[in-house]
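Before I ask anything, here is the structure I am working with.
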Amino acid sequence: MAAKWLGMAQPLPPKKITVDLSKGGIRVSRIRRDPPPKPVKLLTREELRRRELRAMAIGIPAIALILFLAVFAVSRGPSWTPGQAVIVIRDA
């Protein structure tokens with residue numbers, strides 16, 4: 001009664017939940033453990049061709065750029081450049 005008079009909240013009474021195991025046997029958990037399977041989308045020839053063209057349009061310039069940068073980096077590394085090399089051809 002003193003708690004009500006002071007305006008304080010009273011603790012809630014403990015709730016005891018009991019489970020009767022004699023009824024129904026074993027219950028199966030409803031928690032989904034694995035994600036649902038994704039639907040398989042079949043590609044048409046046209047969609048597959050578009051993907052291939054897009055991959056080629058991105059891939060070929062990307063590989064060319066990588067090769068260019070590799071050759072440029074190698075040529076800048078040593079103290080000489082391929083333009084400074086002298087090729088001597090001797091007729092025997």
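Every heavy atom of this structure was used, including side-chain atoms; hydrogens, water molecules and symmetry mates were not.
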| query | Which pairs, with at least one residue in residues 48-63 and sequence neighbours excluded, count as a side-chain hydrogen bond (donor to acceptor under 3.5 Å, both in side chains)? | reply |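 Listed once each, the pairs are E46-R50.
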
- Query: side chain to side chain contact (heavy atoms under 4.5 Å, CB included) with V88: which residues, sequence neighbours excluded?
  - Reply: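 Side chain to side chain contact (heavy atoms under 4.5 Å, CB included) check on V88 returns V86, R90.
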
Using a 4.5 Å cut-off between side-chain heavy atoms of Ile, Leu, Val, Met, Phe, Trp and Tyr, which other residues end up in the same hydrophobic cluster as F68?
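Under the 4.5 Å side-chain rule, F68 groups with L65, L69.
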
Original post:
Which residues, ordered by chain and number, are linked to V71 in its hydrophobic cluster, where ILVMFWY side chains connect at heavy-atom gaps below 4.5 Å, directly or through other members?
Top reply: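 Reading the cluster by chain and number, V71 sits alone, since nothing else belongs.
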
Output the distance between atom CD1 (I58) and atom CD1 (I63), rounded to the nearest 0.5 Å.
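If I round to the nearest 0.5 Å, the distance is 12.0 Å.
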
